[in-house]
Amino acid sequence: MKIALNQAIFFDRGDFNGKVYVEGEDRKGFNALLVECITRHYKTRLKNAIRGYLVVEGSGTFTVNDRKEAAEPFDLFIVSDGDVYEYEGKMKLFEFNVPATDSSNEDKLD
């Protein structure tokens, strides 16, 4: 199965936006997104899932459980169940969630 970028569903959260390739409603057991960070992603606690971010282009920082690290192209960041994370910078990220997530899998902390 192929999903082209022009088939993905656009979303906009102000500080970041992107395209959803696979939604939770697709019942694949995961979801996949291309995210463009314009400024930052708010501080969040992940619940009942694992989330991976691959930096496709740009740079910035990721903070996971108070550990801040530089983010450069092709770095992979893993956020596990219960982790608190945020990121900032100008970056394009590929996000992959297992199982598929939505707002019920997050506690927004700021």
Side-chain angles (χ1 to χ4, degrees):
M1 169 163 84
K2 174 184 174 178
I3 303 167
L5 182 59
N6 65 358
Q7 296 172 300
I9 300 165
F10 180 76
F11 69 90
D12 189 347
R13 302 282 192 282
D15 290 328
F16 61 96
N17 62 53
K19 295 217 172 186
V20 179
Y21 285 89
V22 177
E23 295 185 281
E25 294 82 26
D26 293 338
R27 308 237 185 269
K28 302 283 187 205
F30 66 92
N31 57 356
L33 307 84
L34 182 63
V35 176
E36 184 168 357
C37 179
I38 300 164
T39 56
R40 65 183 293 265
H41 183 284
Y42 47 81
K43 192 174 199 177
T44 302
R45 177 177 292 111
L46 187 63
K47 301 185 302 186
N48 304 315
I50 295 176
R51 181 169 287 167
Y53 288 99
L54 177 67
V55 181
V56 177
E57 66 181 51
S59 63
T61 59
F62 262 79
T63 304
V64 180
N65 297 328
D66 295 322
R67 184 175 175 180
K68 189 173 189 174
E69 299 199 53
E72 301 292 334
F74 309 110
D75 288 346
L76 177 65
F77 293 89
I78 305 294
V79 181
S80 298
D81 181 26
D83 285 353
V84 173
Y85 78 98
E86 61 188 317
Y87 56 81
E88 61 185 333
K90 289 199 172 276
M91 302 179 282
K92 283 190 181 175
L93 309 164
F94 181 75
E95 177 184 333
F96 194 85
N97 301 287
V98 178
T101 62
D102 58 28
S103 61
S104 69
N105 295 89
E106 300 180 343
D107 289 326
K108 188 174 176 181
L109 302 176
D110 68 4

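As the structure is a prediction and not an experimental result, all values here were calculated from the model. Values below: all heavy atoms of this structure, side chains included; hydrogens, waters and symmetry mates excluded. The first residue in the sequence is number 1, and the count goes up from there.
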Worksheet item: Going by heavy atoms in the side chains, are F96 and F30 under 4.5 Å from each other?
Response: yes
Discussion item. Pairing donors with acceptors under 3.5 angstrom, does anything connect the side chains of N97 and N31?
Written reply: yes
Response to the item:
Closest heavy-atom pair, A71 versus M91, reported as atoms and distance to 0.1 Å, is CB-SD, 3.7 Å
Worksheet item: Below 4.5 Å, heavy atoms only, C-beta onward: do L93 and L54 meet side chain to side chain?
Response: no
Worksheet item: Can you check whether F77 and F62 have ring centres sitting under 6.0 Å from each other?
Response: yes
Worksheet item: Going by atom types alone, do R51 and Y85 pair a side-chain donor with an acceptor below 3.5 Å?
Response: yes
Discussion item. So, applying salt bridge (charged side-chain N to carboxylate O under 4.0 Å, His left out) with K47, which one of D107, D102, D83 is it?
Written reply: D107
Discussion item. How about CZ on F74, more than 12 heavy atoms from neighbouring residues, nucleotides or ligands closer than 6.0 Å, or not?
Written reply: no
Item to complete: Kindly give the heavy-atom pair with the smallest separation between P73 and G58, and that separation in Å.
Response: CD-O, 3.3 Å
Worksheet item: Hey, does V35 have a side-chain heavy atom less than 4.5 Å from the side chain of Y87?
Response: yes
Worksheet item: What do you reckon, is CG of D110 surrounded by more than 12 foreign heavy atoms closer than 6.0 Å?
Response: yes
Worksheet item: Between NZ of K90 and OG1 of T39, what distance do you get to the nearest 0.5 Å?
Response: 8.0 Å
Worksheet item: Got more than 12 heavy atoms from elsewhere within 6.0 Å of NZ, K28?
Response: no
Worksheet item: Do Y53 and V55 have side-chain heavy atoms sitting under 4.5 Å apart?
Response: no
Discussion item. Could you check whether any side-chain heavy atom of V22 comes within less than 4.5 Å of a side-chain heavy atom of I3, counting everything from C-beta outward?
Written reply: yes
Worksheet item: How about V79 and I50: do any of their side-chain heavy atoms sit closer than 4.5 Å?
Response: no
Response to the item:
Scanning both residues in full, the closest heavy-atom pair of D15 with R40 reads CB-O, 3.0 Å
Worksheet item: Are side-chain heavy atoms of K19 and L33 found at a separation under 4.5 Å?
Response: no
Worksheet item: Does any non-hydrogen side-chain atom of E106 lie less than 4.5 Å from one of T101?
Response: no
Practice prompt. Output every pair passing side chain to side chain donor-acceptor pair (under 3.5 Å) with a member in residues 68-82, not counting sequence neighbours, ordered by first then second residue.
Written response: R67-E69
